[in-house]
Amino acid sequence: MADQTPSAPSDSQIASSEAVSEASRGWNLRSEHSGILLRLERLLQGRQSFTLVILQFSDGSYRDRVAEYLQEQLCGGSIVDAESAEGDFSRLEDLLAAAAAKGPVQVVGLEDWPGGAASLWQAFNYHREQLADRCPVPLLLWVLRSRVRDLALEAPDFWAWRSGVFDLALASFPVETDLYERRVDRGRAPAGDRRLRIEEIDSYLEGLDRRDRPSDLELLVERGELLRDLGDFTAARESFETAVKGFREGEDRRGEALAYRQLAEVLAVQGDPDEALRLLREESLPVYERLGDVRSRAITMGQIADILFRRGDLEEALRIRREEELPVYERLGDVRSRAITMGKIADILGARGDLEEALRIRREEELPVYERLGDVRSRAITMGKIADILG
């Protein structure tokens with residue numbers, strides 16, 4: 001049976017690929033909250049009784065993104081806007097009871113309660129037993145971080161029933177945005193520019209008081225990538241290992257998974273593919289799967305396929321490319337990643353002797369995409385691979 005390969009994307013698909021929303025890519029939240037969200041998932045998993053959870057926030061638009069993520073990815077259920085009760089607590093109670101029939105209930109809009117927060121918290125305190133009886137599901141209250149203390153003071157009995165308080169407020173420390181904007185293009189930058197960037201990162205990190213912040217750890221990952229590009233694998237490994245430790249201590253499970261992925265690439269190059277595969281399969285992949293981060297999962301599966309290809313396991317590498325990676329990029333409308341994956345499929349087909357199909361993919365599935373995107377470097381590389389097949 002002939003190999004079946006999806007058709008190449010059209011011009012309109014390529015033109016619209018950049019418009020794919022970040023939310024549709026599986027993750028649009030702050031990485032430093034990933035560990036908190038996974039703890040929350042563990043708490044809520046299988047709960048079929050009243051469970052009070054307090055979610056602290058500081059930014060309304062970010063809260064809405066997290067609430068949507070929780071509903072779609074982690075716990076299901078409903079989101080109730082307290083404003084719709086128009087200051088009537090009995091009506092709010094009815095809304096919560098009705099929503100509880102569909103599973104866990106998130107409550108937003110409490111910060112705008114008419115009559116003030118004190119009266120609202122006291123109502124929760126007085127009606128706690130009735131509320132628990134009418135809502136036999138997890139109840140997640142979104143409360144401004146600045147008002148959590150007031151909730152504890154005004155509703156002490158209700159507060160005592162809490163099963164957890166999760167801080168999803170945005171960090172208050174400033175981020176050196178200019179430093180991030182000066183990132184080099186790792187696909188094109190000469191070695192000298194990469195070394196200068198490493199020096200810039202080192203200078204910045206050395207000048208900090210020693211508080212590991214999410215931005216600092218991301219710089220450590222970037223530093224490791226640049227060192228790996230330059231062939232300094234020992235220093236790159238140290239940078240990634242330091243980042244892993246920092247992300248773990250900060251409960252940033254997604255950042256930790258990323259650092260493990262980068263570390264795995266170094267280990268594979270240094271001749272330890274078994275440990276590289278273990279890190280990818282046991283430390284990175286499960287985190288992305290639990291978070292619903294489909295893009296990062298696909299990238300990780302691609303790294304696994306890279307290692308398997310180098311080890312000669314062509315059939316499994318090909319299966320991963322076609323079944324685990326390619327469909328994700330097609331759903332996301334990511335034509336560049338799709339083209340890159342098609343090129344790697346062609347590599348595998350070439351290695352197993354199917355040169356005709358490999359050549360077809362290069363000419364019809366890969367090359368047209370780079371031409372339409374104006375990616376002259378990738379086009380040149382693809383043309384070189386076509387020449388290798390023809391030669």
Requested in this report: For the pair Phe166 and Leu140, evaluate side chain to side chain contact (heavy atoms under 4.5 Å, CB included) and give the outcome as yes or no after the intermediate values.
Outcome: CA-CA 10 Å; Phe166 297 83; Leu140 291 73; over 6 Å; no
How long is the gap from [atom1] on [X] to [atom2] on [Y], to the nearest 0.5 Å?
X: Leu151; Y: Leu110; atom1: CG; atom2: CG; answer: 9.0 Å
X: Leu70; Y: Arg65; atom1: CG; atom2: CZ; answer: 12.5 Å
X: Arg91; Y: Glu93; atom1: CZ; atom2: CD; answer: 14.0 Å
X: Arg47; Y: Leu139; atom1: CZ; atom2: CG; answer: 13.0 Å
X: Leu367; Y: Asp375; atom1: CG; atom2: CG; answer: 11.0 Å
X: Ile307; Y: Asp274; atom1: CD1; atom2: CG; answer: 9.5 Å

For the pair [X] (side chain) and [Y] (backbone), establish whether a donor and an acceptor sit closer than 3.5 Å, ignoring hydrogens and angles.
X: Thr51; Y: Ser49; value: yes
X: Thr341; Y: Ser337; value: yes
X: Tyr62; Y: Arg30; value: yes
X: Glu32; Y: Asp252; value: no
X: Asn125; Y: Asp157; value: yes
X: Ser31; Y: Gly255; value: yes
X: Arg248; Y: Lys245; value: no
X: Thr300; Y: Leu280; value: no

Answer yes or no: is there a side-chain heavy-atom contact under 4.5 Å between [X] and [Y]?
X: Val269; Y: Arg228; result: no
X: Leu220; Y: Leu205; result: yes
X: Arg134; Y: Leu96; result: no
X: Cys135; Y: Val105; result: no
X: Phe233; Y: Leu267; result: no
X: Ile201; Y: Arg197; result: yes
X: Val66; Y: Leu55; result: no
X: Glu154; Y: Arg147; result: no

**Report entry** Full working for side chain to side chain contact (heavy atoms under 4.5 Å, CB included) between Arg311 and Leu277
**Finding:** CA-CA 11 Å; Arg311 293 176 67 168; Leu277 285 172; 3.1 Å; yes
Test of understanding: clusters of I, L, V, M, F, W, Y form through side-chain heavy atoms closer than 4.5 Å, transitively. Do [X] and [Y] belong to the same one?
X: Val165; Y: Val53; result: no
X: Ile54; Y: Leu37; result: no
X: Leu285; Y: Phe247; result: no
X: Leu141; Y: Phe57; result: no
X: Leu355; Y: Ile348; result: no

Work out which heavy atom in [X] is nearest to a heavy atom in [Y]; give both atom names and the distance.
X: Ala305; Y: Ala317; answer: O-CB, 3.7 Å
X: Ile36; Y: Asp167; answer: CD1-O, 3.2 Å
X: Leu95; Y: Ser84; answer: CD1-OG, 3.4 Å
X: Ser239; Y: Gly224; answer: OG-N, 3.6 Å
X: Ala236; Y: Val266; answer: CB-CG2, 4.3 Å
X: Asp81; Y: Gly109; answer: OD1-CA, 3.8 Å

**Report entry** Tyr69 versus His33, side-chain donor and acceptor atoms under 3.5 Å
**Finding:**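 Checked: His33/Tyr69 side chains show no N/O donor-acceptor pair below 3.5 Å.
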Report task. Given side chain to side chain contact (heavy atoms under 4.5 Å, CB included), test Met342 with Arg321 step by step and report yes or no. Result -> CA-CA 8 Å; Met342 290 303 297; Arg321 297 292 186 200; over 6 Å; no
Query raised in the report: What residues form a side-chain hydrogen bond (donor to acceptor under 3.5 Å, both in side chains) with Arg253, not counting sequence neighbours?
Result: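 So Arg253 forms a side-chain hydrogen bond (donor to acceptor under 3.5 Å, both in side chains) with Glu256.
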Query raised in the report: Is any NZ, NE, NH1 or NH2 atom of the basic residue among Arg360 and Glu357 found under 4.0 Å from an Asp or Glu carboxylate oxygen of the other?
Result: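 The answer is yes: the pair qualifies as a salt bridge.
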**Report entry** Check ion pair Lys344-Glu325 (N to O, under 4.0 angstrom)
**Finding:**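 Here Lys344 does not pair with Glu325 in a salt bridge, since their nearest N and O are not under 4.0 Å apart.
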Query raised in the report: Got a sec, which pairs hit side chain to side chain donor-acceptor pair (under 3.5 Å) with one end in residues 98-115, sequence neighbours left out?
Result: Arg63-Glu111, Gln106-Trp142
Query raised in the report: Given the rule in the side chain to side chain contact (heavy atoms under 4.5 Å, CB included) test, do Glu315 and Arg352 qualify, once you have shown the distances and angles that lead to the verdict?
Result: CA-CA 9 Å; Glu315 294 307 314; Arg352 72 177 195 180; 2.9 Å; yes
Report task. With salt bridge (charged side-chain N to carboxylate O under 4.0 Å, His left out) as the test, would you mind laying out the steps for Glu283 and Arg261 before giving the verdict? Result -> CA-CA 8 Å; Glu283 303 293 350; Arg261 268 179 40 210; over 6 Å; no
